[in-house]
Amino acid sequence: MADPFLSIQHVRKSFGATTVVEDFNLDVERGEFVSFLGPSGCGKTTVLRMVAGFEEPSAGTIVVGGKDITRLKPNQRNVGMVFQAYALFPNLTVAQNIGFGLKVAGMSRADIDARVAEMLGIIKLPQMADRYPYQLSGGQQQRIALARAIAPKPKLLLLDEPLSALDAKVRVSLREEIRSIQKKLGITTIFVTHDQEEALSISDRIAVMYGGKAEQVGTPFEIYNRPATKFVANFVGTLNVLEGTVTDAAAGTVRVNSEQVSLKGKLNGSKSGDTLSLALRPEAISLGRQPGRDSSLSGEISEVHFLGSVIRVRVGIGGNTVSLDTFNSPATPPPAVGEKAEISFSSSDMLVLH
Amino acid sequence: MKSGRFWAWVVFILGAAYFFIPLLATVEFSLRMRRGVHSFDAYQIVLGDPRFQATFLYSVIAAVFTIILGVLVVVPTAYWIRLRLPQLRPIVEFITLLPLVIPAIVIVFGYIRMYGSNSPLPFLGSNMGANALLVIGYATLALPYMYRAVDTGLRTIDVRTLTEAAQILGAGWGTIIGRVILPNVLIAVLSGAFLTFAIVIGEFTMASLLNRPAFGPYLQNIGANRAYEPAALAVIAFAITWGCMSLIQILSRFAPKSANRPN
């Protein structure tokens, strides 16, 4: 990346003796949509609040568009933000809420009216201008909050878990709408969420955070398929973890429940006799031997859950249990609990967790 | 169940009687000035008395200035305590309660000693200074009510998030307090204002000891020298207080409904 639009360098934040963000680094390109994904308390909101100016970093710098904004006050940063709790001003109408930042900036009444009408068109609520926030649903309020944030044409848009207070259906439609508006306006956006599906579905890149640090930064495809750490692999998606013992480090073979699996080129640094955690996504595993799958393990079916189009099967293999999904076929009944079963997979899909 | 309701009514009626009978007796007595018939003579005399008009106007003006001073002191303080210094809340609440524990006479003697004409801050050396001191004293007396009203109002809104939302949209502190916080706690502020008004209108100790021509000393003076007029004045003062309370109730219906807390 030659010239990042947003550059967060070596940022640290401590509250007294507690460090909540430690050496956080991230470069974001202009127009990019980057999500901070992580469990509660991982420091994602704190980083966002430092970018907004609500918290001052204990160390490090934050640069936007080539300008160091680390010590600027929030009202000097030209950054838009959408809050989890909407934060619409209850005493103002929808139009007045959207026009608030424009009025503060000293725009003329005619320009404010035109921009508010444009924003209401973008969020597809043109008839709501004279309503008060309490007269709107949660989804509508959050769209108004989005319009209010982008009305003053900020350099950067910050979204602090904007969907978590909404019900599941509205959440899905609104996240698509947010992404579509973001693409249309080309605004650089940081999105904080603890919902991996949300992050995977709308982000250009994801920064997975844990313990105040970015564990991995990458595209949703990279994060899901090539997790860099055990935490990322466990946190993003469903994962089957198997214990294995390196039998021949040079040849790259590992024994899992008395069966050999070849992991050539993936055992860097491991010695023969080492115990490893090996991971497989459910969709990488098939029930029975399948062509093109070079490895297999034997076990016994311990659980079967019929989910409609998909059947989730759990297979006990030695001391491990592996989950896999198979498509429902009306012609084939689901396997029975207690049946002997063989699972197959490609060793290239197996991840070695460090 | 029916028995419970019966006793509830009995208690209610007894309570109402305890409250209303003296009030009705006062009203009835205030109408007896003309021998043999009920009349509004006492009210006509009282309302036509130039001293009534002058002292009442003086107290109304003092109340207005007290309310302005109270709002200027209390709103930013309560806001800041909620936003940035919540750890100081117990201390501030204790301080705001002090006027309920320390009698007004103690406060006013303190003022006389501190701000007498020979002191470095001779507030009592001039009429304007004494008027200002009276308003400051009234603001102190009304502090418990004003602070609690404003603090309760602030509790109904998400002060921190609304402040941050306004800040990120470019607003400075003046705009945040004036256009976001104050309008959302306006009803609470008005409640505090009317309580302040009711306190100031009838206050006697401070006005009397600072020798101010206020309504409270006038009430006392009339009460000591006349028969029917004090009853009429008591009814008028009571009506003013009730009017203030009713206005609080009416205005609270117009409070902005909070929409900043998701369900």
Side-chain angles (χ1 to χ4, degrees), chain A residues 49 51-55 73-94 96-107 131-142 144-145 148-149 151-152 154 156-158 160-167, chain B residues 71 75-76 78-80 82-88 149-191 193 251-263:
Chain A
R49 290 176 62 80
V51 176
F54 298 135
E55 305 288 350
K73 289 175 183 169
N75 58 355
Q76 297 168 332
R77 296 191 176 205
N78 192 16
V79 166
M81 186 158 170
V82 177
F83 298 82
Q84 182 184 346
Y86 319 140
L88 293 177
F89 306 127
N91 57 313
L92 302 182
T93 63
V94 163
Q96 288 167 334
N97 262 286
I98 297 173
F100 186 90
L102 308 172
K103 198 168 176 183
V104 168
M107 269 175 86
R131 299 260 183 105
Y132 281 90
Y134 74 89
Q135 296 172 310
L136 307 174
S137 69
Q140 287 170 333
Q141 286 188 56
Q142 202 55 300
I144 302 297
R148 182 181 67 175
L156 197 61
L157 178 63
L158 308 176
D160 185 9
E161 306 209 33
L163 308 173
S164 53
L166 305 172
D167 62 61
Chain B
V71 170
V75 174
Y79 169 65
W80 204 247
R82 277 213 161 260
L83 186 69
R84 293 285 158 88
L85 301 166
Q87 70 276 15
L88 288 186
V150 172
D151 195 48
T152 305
L154 288 170
R155 204 173 295 169
T156 62
I157 59 171
D158 187 346
V159 170
R160 189 173 122 161
T161 314
L162 287 181
T163 300
E164 289 180 351
Q167 272 184 313
I168 205 80
L169 289 163
W173 290 116
T175 310
I176 293 169
I177 293 181
R179 288 190 47 205
V180 176
I181 301 300
L182 195 55
N184 283 301
V185 295
L186 194 60
I187 303 304
V189 170
L190 285 174
S191 300
L251 285 168
S252 63
R253 295 184 183 181
F254 298 100
K257 294 180 181 57
S258 181
N260 50 356
R261 287 164 191 266
N263 296 324

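Since this is a predicted model, take the numbers as computed values, not measurements. Note on naming: letters A, B, ... go to the chains in the order of the sequence lines (proteins, then strands), and numbering restarts at 1 for each one.
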Undergrad: About how many Å separate CZ of A:F89 and CG of B:L162, when rounded to the nearest 0.5 Å?
TA: 6.5 Å
Undergrad: Which one, A:V79, A:L102, A:L136, leads in non-hydrogen pairs under 4.5 Å with chain B?
TA: A:V79
Undergrad: Quick one: list whatever passes side-chain hydrogen bond (donor to acceptor under 3.5 Å, both in side chains) with B:T175, sequence neighbours left out.
TA: none
Undergrad: Mind listing the closest non-hydrogen atom pair of B:L169 and A:P152 along with its distance?
TA: CD2-CG, 4.1 Å
Undergrad: What's the separation between atom CD1 in B:I176 and atom CG in A:N75, rounded to the nearest 0.5 Å?
TA: 7.0 Å
Undergrad: To check you understand the geometry: which heavy-atom pair defines the closest contact between B:V180 and A:N91, and what is its length?
TA: O-OD1, 4.3 Å
Undergrad: Among residues two or more places apart or on two chains, list those pairs meeting salt bridge (Lys or Arg N to Asp or Glu O under 4.0 Å) that have a residue in residues 168-184 of chain B.
TA: none
Undergrad: Between A:A52 and chain B, with a heavy-atom cut-off of 4.5 Å, which part of the residue counts as in contact: side chain, backbone, both or neither?
TA: both
Undergrad: Which value, rounded to the nearest 0.5 Å, describes the distance between B:E164 atom CD and A:R49 atom CZ?
TA: 4.0 Å
Undergrad: Testing the basics here: between B:T161 and A:A87, what is the closest heavy-atom pair and its distance to 0.1 Å?
TA: CG2-CB, 3.4 Å
